[in-house]
Engineer: 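Provided herewith is a single structure, encoded as structure tokens, for subsequent inquiry.
Lettering of chains follows the sequences in order, A, B, ..., and the numbering in each one begins at 1.
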Amino acid sequence: MSQHILTAVAWPYANGPRHIGHVSGFGVPSDVFSRYQRMAGNKVLMVSGTDEHGTPIQVQADKEGLTARQLADRYNRVIAEDLTALGLSYDLFTRTTTRNHYAVVQEIFRGLHNNGYVFPKTTLGAISPSTGRTLPDRYIEGTCPICGYDGARGDQCDNCGNQLDPVDLINPRSRINGETPKFVETEHFMLDLPAFADVLGTYLQAKQGEWRPNVLKFALNLLGDLQPRAITRDLDWGVPIPLDGWRDRSDKRLYVWFDAVIGYLSSSIEWARRSGDPDAWRAWWQNPDARGYYFMGKDNIVFHAEIWPALLYGYNGEGAKGGTPGSLGRLEVPSEVVSSEFLTMEGKKFSSSRSVVIYVRDFLERYSADALRYYIAVAGPENQDTDFTWSEFVNRNNGELVAAWGNLVNRSISMAAKNFGEIPPAVDLTDADHALLARSRAAFASVGAELGRSRFKNAINEAFDVVREANKYLAEQEPWKIKDDPARQGSILHVALQVVDDAKTLLTPFLPASSNKIYEMLGGSGVWSGMPELSEVDEDGGQAYPVISGSYNGAATWEHRPLQEGTRLAPPTPLFTKLDPKIVDEELARLAG
RNA sequence: GGGGCGGUAGCUCAGCCGGUCAGAGCAUCGGACUCAUAAUCCGUGGGUCGUGGGUUCAAGUCCCACCCGCCCUACCA
């Protein structure tokens, strides 16, 4: 039976282009999951966008001599183009600088405020004297009062590891421009997290055995020490605070993490409006039978397993202080938080400044999207940090994608095209034929079960087991030797092609572009698995911006589909490109340079 | 400092509630085959499952301590 599934994908921060570590965390896993769910007959709404507010963007903009908005515009476009090129099937990929987003964020804030879950508090904060903006702890450095180390940051000393308060630093200075920060009293709104301790505890306990253990343990552990948390900043780049006396102040804004997580909701609402049914989003957000899956890197667990549920409970009036839902109505909390670990690059942390990085754009200029998707799916940081190396990439690409899978497709279609020019009939099937056919048909249940649990490595490995079995079958049956018995030769090739078709279906969530090609090679018409498209939109004549969307209800379904004998076959062209091992050194040289 | 995750064959990794769990893929070596992007198939070697204790009839699999790597620590998204 069909279920509503919200795929909520972490919002990439628009202070620069995204690298392959980023997309291995949130991008590829969420897309594999969504494509599978659509094929399984579920109604998927996959949303995300660029996260464009906050100090880091302002700082980067200052550095480049741009306004924050100009910088955000630039990288919003770069990121949207890159994610489209990767084939990520967003129903809507938008941004946080839309009027719609501002309105939804302010509505959530008002709801929390009305229910008593946010309150003002005067705190001591560091600001930059020259700009008047909040200077985050991370941007302050000085001498550690504990160990005397001079490069200590405001929040923590890298030398002795102690947590610090920037007020205690000796000779504090701004890492941005070297000036001495001013510590001033400033009023901010706080989110009353302790008021959600009970409801969050109940919520998380119920996820026992369902979520990945690392996510759940981490979240449960945080419950022990919930403190009120500031949700506003001294900054002009962000969503205005929607209260009298605050609304028009240019120096106070909602803090970026507060507005960013609300993007899941605002983008769903924007999607509904663009689809022509402004209430359509409610089927995912106000339906107890709907499921919400959130995909992100491990650094984001606290925002998705703790703070976002708290915001929703607060808006619903379901925290310790009670209350009533706001004008949007009661909203559902996440069903599952799927967190990835981190990808490293040739043994080191990704670092743009030290050029230990490979941007999605650069990668896709030289290699195919499916090659990257394959690597991330089979060797990515699903359960633990994993290392990307160019030699491993070449090995996987050449040995698995090209030699095992691509070659199976190529040899099967090539032989059938050459000898029959069409899909030959299957007659008098042997035990071996039946065994292989049964193997690939059984894989729909096993691979599907793994995909439904977000166990992507298991899933793709089981799909590849089918590929290996098919290669073995051909080696044993030796159809190329059977010249005098066309019926038997044709039957073998029919079986091989059928299993190629099944495997193509099993691999579609991982390798949509090449699966579409196989679909066409085997006579399919129309679109198999839809690809995302970038288009320009605006809001009531406002500034145009790019969004990713697409029609993804193609022919692809998660099931065995019998091939039609007599379908014309043309000699195939290779699906994947074999890579010269020389590129390992070339790429390493590029990193070094 | 506190919390979390990981440490299994040369490499990348599977191993849920303890009892065919010592595995897969790749790489190595030997062989077969030629339909296919010299791809494929068969066979082979190799690990005291980070270290030291403990619980148990039985422990990569549970408990404790320690070593190493990584992440988070809520003003980095």
Engineer: Distance between the C1' atoms of B/G69 and B/A22, in whole angstroms?
Structural biologist: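 Rounded to whole Å, the distance is 24 Å.
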Engineer: Looking at A/Arg253 and A/Asp236, is there a salt bridge between them, counting it only when a charged N and a carboxylate O are closer than 4.0 Å?
Structural biologist: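 No, A/Asp236 and A/Arg253 are not salt-bridged.
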Engineer: May I have the distance from A/Phe303 (atom CZ) to B/C75 (atom P), rounded to whole angstrom?
Structural biologist: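 Taking CZ of A/Phe303 and P of B/C75, I get 7 Å after rounding.
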Engineer: In terms of ring plane angle, is the pair A/Phe393 and A/Trp390 parallel, tilted or perpendicular, where the classes change at 30° and 60°?
Structural biologist: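 Rings of A/Phe393 and A/Trp390: perpendicular, over 60°.
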Engineer: Which whole-number value in Å describes the distance from A/His304 NE2 to B/A77 P?
Structural biologist: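 After rounding, the gap between these two atoms is 13 Å.
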Engineer: Please name all residues satisfying side-chain contact (heavy atoms from CB on, under 4.5 Å) with A/Ala513, sequence neighbours left out, ordered by chain then number.
Structural biologist: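 Listed in chain order: A/Asp370, A/Met531.
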Engineer: Syn or anti for B/G6, given that syn means the glycosidic angle lies within 90° of 0?
Structural biologist: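 Chi for B/G6 falls in the anti range.
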Engineer: Please check if any side-chain donor atom of A/Thr122 sits under 3.5 Å from a side-chain acceptor atom of A/Glu187, or the reverse.
Structural biologist: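 Side-chain D/A pair, A/Thr122 to A/Glu187: absent.
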Engineer: Side chain of A/Trp480 only, heavy atoms from C-beta on: which candidate in B/C75, B/A77, B/C35 is closest?
Structural biologist: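 Nearest to the side chain of A/Trp480 among the choices is B/C35.
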Engineer: Give the rounded distance in Å between these two atoms: NE2 of A/His53 and P of B/A77.
Structural biologist: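 Value for this atom pair: 13 Å.
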Engineer: Which of these nucleotides, B/U37, B/A77, B/U40, is closest to any side-chain atom of A/Ala475?
Structural biologist: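 Looking only at side-chain atoms, A/Ala475 lies closest to B/U40.
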Engineer: Side chain to side chain contact (heavy atoms under 4.5 Å, CB included), that's the test. Do A/Asp259 and A/Ile262 meet it? Break it down for me.
Structural biologist: CA-CA 5 Å; A/Asp259 95 67; A/Ile262 296 171; 5.6 Å; no
Engineer: Any idea which of B/C76, B/U40, B/U37 is nearest the A/Tyr255 side chain?
Structural biologist: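 In terms of side-chain proximity for A/Tyr255, the closest of B/C76, B/U40, B/U37 is B/C76.
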Engineer: Which listed nucleotide (B/G15, B/C35, B/C13) is nearest to the side chain of A/Lys457?
Structural biologist: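 Looking only at heavy atoms from C-beta outward on A/Lys457, the closest nucleotide is B/C13.
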Engineer: Taking atom types as modelled, find out whether A/Thr573 and A/Lys517 have a side-chain donor-acceptor pair closer than 3.5 angstrom.
Structural biologist: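 No, no side-chain donor-acceptor contact under 3.5 Å.
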Engineer: For A/Asp51 and A/Val467, find the nucleotide of RNA chain B closest to each by heavy atoms; which residue's nucleotide sits nearer the 5' end?
Structural biologist: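 It is A/Val467 whose nearest nucleotide is closer to the 5' end.
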Engineer: Taking atom C1' in both B/U55 and B/C63, compute the distance separating them and give it to the nearest angstrom.
Structural biologist: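 Here B/U55 and B/C63 have their C1' atoms 7 Å from each other.
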Engineer: Determine the contact category for A/Val256: base if any of its heavy atoms lies under 4.0 Å from a base atom, sugar-phosphate if only primed atoms, P, OP1 or OP2 are that close, otherwise nothing.
Structural biologist: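 The residue A/Val256 makes sugar-phosphate contact but no base contact.
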Engineer: Are A/Glu400 and A/Tyr374 packed together at the side-chain level, in the sense that at least one heavy-atom pair is separated by less than 4.5 angstrom?
Structural biologist: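 Side-chain contact under 4.5 Å: yes.
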Engineer: Mind listing the N/O atom pairs, protein and nucleotides 20-31 of chain B, below 3.5 Å?
Structural biologist:
residue: B/G25; atom: O2'; partner: A/Glu400; partner atom: OE2; Å: 3.4

Engineer: Using the P atom in both, what is the distance from B/A14 to B/G6, to the nearest Å?
Structural biologist: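 Their P atoms lie roughly 10 Å apart.
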Engineer: Grab the N/O contacts between the protein and nucleotides 3-7 of chain B below 3.5 Å, and write none if there aren't any.
Structural biologist:
residue: B/G3; atom: O2'; partner: A/Asn221; partner atom: ND2; Å: 2.2
residue: B/C5; atom: OP1; partner: A/Lys217; partner atom: NZ; Å: 2.7
residue: B/G6; atom: O2'; partner: A/Gln384; partner atom: OE1; Å: 3.4

Engineer: Counting C-beta onward and ignoring hydrogens, is there a side-chain heavy-atom pair between A/Ile413 and A/Leu522 closer than 4.5 Å?
Structural biologist: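 A/Ile413 reaches A/Leu522 side chain to side chain.
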Engineer: When we call it a touch if two heavy atoms are under 4.0 Å apart, what does A/Ala260 touch: a base, just sugar-phosphate, or nothing?
Structural biologist: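 No contact.
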Engineer: Could you check A/Ser414 against A/Trp257 and say which one's nearest nucleotide on RNA chain B is further toward the 5' end?
Structural biologist: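 Looking at the nearest nucleotide for each, A/Ser414 comes out on the 5' side.
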Engineer: Between B/A14 atom C1' and A/Ile460 atom CD1, what is the distance in whole Å?
Structural biologist: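 Atom CD1 in A/Ile460 sits about 15 Å away from atom C1' in B/A14.
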Engineer: If you look only at distance, which donor and acceptor atoms sit under 3.5 Å apart when one is on a side chain in residues 575-584 of chain A and the other is two or more places apart or in another chain?
Structural biologist:
residue: A/Asp580; atom: OD1; partner: A/Lys582; partner atom: N; Å: 2.8

Engineer: For A/Ile307 and B/C72, give me the distance from atom CD1 to atom P, rounded to whole Å.
Structural biologist: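 Going from A/Ile307 (CD1) to B/C72 (P), I get 15 Å.
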Engineer: When the P atoms of B/G45 and B/G30 are considered, how many whole Å apart are they?
Structural biologist: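 Comparing P positions in B/G45 and B/G30 gives a spacing of 15 Å.
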Engineer: In this structure, how many angstroms lie between the C1' atom of B/A77 and the CD atom of A/Glu52, rounded?
Structural biologist: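 About 12 Å, once rounded to whole Å.
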Engineer: Does the pair A/Arg366/A/Glu587 count as a salt bridge with the N-to-O cut at 4.0 Å?
Structural biologist: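 Answer for the salt bridge query: yes.
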Engineer: Take N1-N3 plus N6-O4 or O6-N4 for Watson-Crick, N1-O2 plus O6-N3 for G-U, both under 3.5 Å. Which runs of 3 or more such pairs involve RNA chain B?
Structural biologist: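 B:1-7 with B:67-73, B:10-13 with B:23-26, B:29-32 with B:40-43, B:50-54 with B:62-66 - these are the stems of 3 or more pairs that involve RNA chain B.
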Engineer: Measuring from the side chain of A/Lys472 (C-beta onward, heavy atoms only), which nucleotide among B/U37, B/C76, B/C42 has the closest atom?
Structural biologist: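 Among B/U37, B/C76, B/C42, the one nearest the side chain of A/Lys472 is B/C42.
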Engineer: Under 4.0 Å, heavy atoms only, any strand: does A/Pro574 hit a base, just the sugar-phosphate, or nothing?
Structural biologist: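 Base contact.
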Engineer: Taking the P atom of each, how far is B/U12 from B/A27, in whole Å?
Structural biologist: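 Per the computed distance, 15 Å lies between those P atoms.
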Engineer: May I ask you to check whether A/Arg411 and A/Asn471 show a side-chain donor-acceptor distance below 3.5 Å?
Structural biologist: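 Judged by distance alone, the side chains do pair up.
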Engineer: In whole Å, what separates the P atom of B/C11 from that of B/C21?
Structural biologist: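 Approximately 25 Å lies between the P atom of B/C11 and that of B/C21.
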Engineer: Using whole Å, what does the distance between atom C1' of nucleotide B/A77 and atom CZ of A/Phe350 come to?
Structural biologist: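 So the two atoms are 17 Å apart, to the nearest Å.
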Engineer: Would you say a side-chain N or O of A/Lys481 is under 4.0 Å from OP1 or OP2 of B/C33?
Structural biologist: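 Answer is no, no contact under 4.0 Å.
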Engineer: Between B/C29 and B/A39, how far apart are the P atoms? Round to whole Å, please.
Structural biologist: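 B/A39 and B/C29 have their P atoms separated by 14 Å.
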Engineer: A/Arg411 has a side chain; which of B/C13, B/A36, B/U37 sits nearest to it?
Structural biologist: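 Of B/C13, B/A36, B/U37, B/A36 is nearest to the side chain of A/Arg411.
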Engineer: Nearest to the A/Pro56 side chain among B/C33, B/U40, B/A77, which nucleotide is it?
Structural biologist: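 The answer is B/A77, which lies nearest to the side chain.
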Engineer: Write down the distance between CZ (A/Phe464) and C1' (B/A14), rounded to a whole number of angstrom.
Structural biologist: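 So the CZ-C1' distance, A/Phe464 to B/A14, works out to 17 Å.
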Engineer: Could you work out the separation of B/C62 and B/C57 based on their C1' atoms and round it to a whole Å?
Structural biologist: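 Pairwise C1' distance, B/C62 against B/C57, rounds to 16 Å.
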Engineer: Testing the 3.5 Å rule here: is there a donor-acceptor pair between the side chains of A/Asp62 and A/Gln58?
Structural biologist: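 Side-chain D/A pair, A/Asp62 to A/Gln58: present.
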Engineer: Would you say A/Arg455 reaches B/G15's phosphate, i.e. side-chain N/O to OP1/OP2 under 4.0 Å?
Structural biologist: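 Answer yes for this pair, as a side-chain N or O of A/Arg455 is under 4.0 Å from OP1 or OP2.
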Engineer: Counting the atoms with a prime plus P, OP1 and OP2 as sugar-phosphate, which does A/Ile301 contact under 4.0 Å by heavy atoms, base, sugar-phosphate, or nothing?
Structural biologist: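 Nothing: the residue A/Ile301, judged by heavy atoms under 4.0 Å, touches no strand.
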Engineer: B/C72, B/A36, B/U40: which one has an atom nearest the side-chain heavy atoms of A/Lys418?
Structural biologist: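 Nearest nucleotide to the side chain: B/A36.
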Engineer: May I have the step-by-step check of ring-ring contact (aromatic ring centres under 6.0 Å, His included) for A/Phe109 and A/Phe189, ending in yes or no?
Structural biologist: CA-CA 10 Å; A/Phe109 180 90; A/Phe189 279 97; 5.4 Å; yes
Engineer: Could you check whether A/Thr386 gets within reach of a base, just the sugar-phosphate, or nothing at all, counting any heavy atom under 4.0 Å?
Structural biologist: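 Counting heavy atoms under 4.0 Å across all strands, the contact made by A/Thr386 is with sugar-phosphate only.
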Engineer: Is the cationic atom of A/Arg233 (NZ for Lys, CZ for Arg) positioned less than 6.0 Å from the six-membered ring centroid of A/Tyr255 and within 45 degrees of its normal?
Structural biologist: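 Pair A/Arg233/A/Tyr255 counts as cation-pi.
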Engineer: Per the side chain to side chain donor-acceptor pair (under 3.5 Å) rule, what does the pair list look like for residues 297-311 of chain A, sequence neighbours excluded?
Structural biologist: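 Sorted pair list: A/Tyr264-A/His304, A/Tyr294-A/Trp308, A/Lys298-A/Glu341, A/Lys298-A/Asp385.
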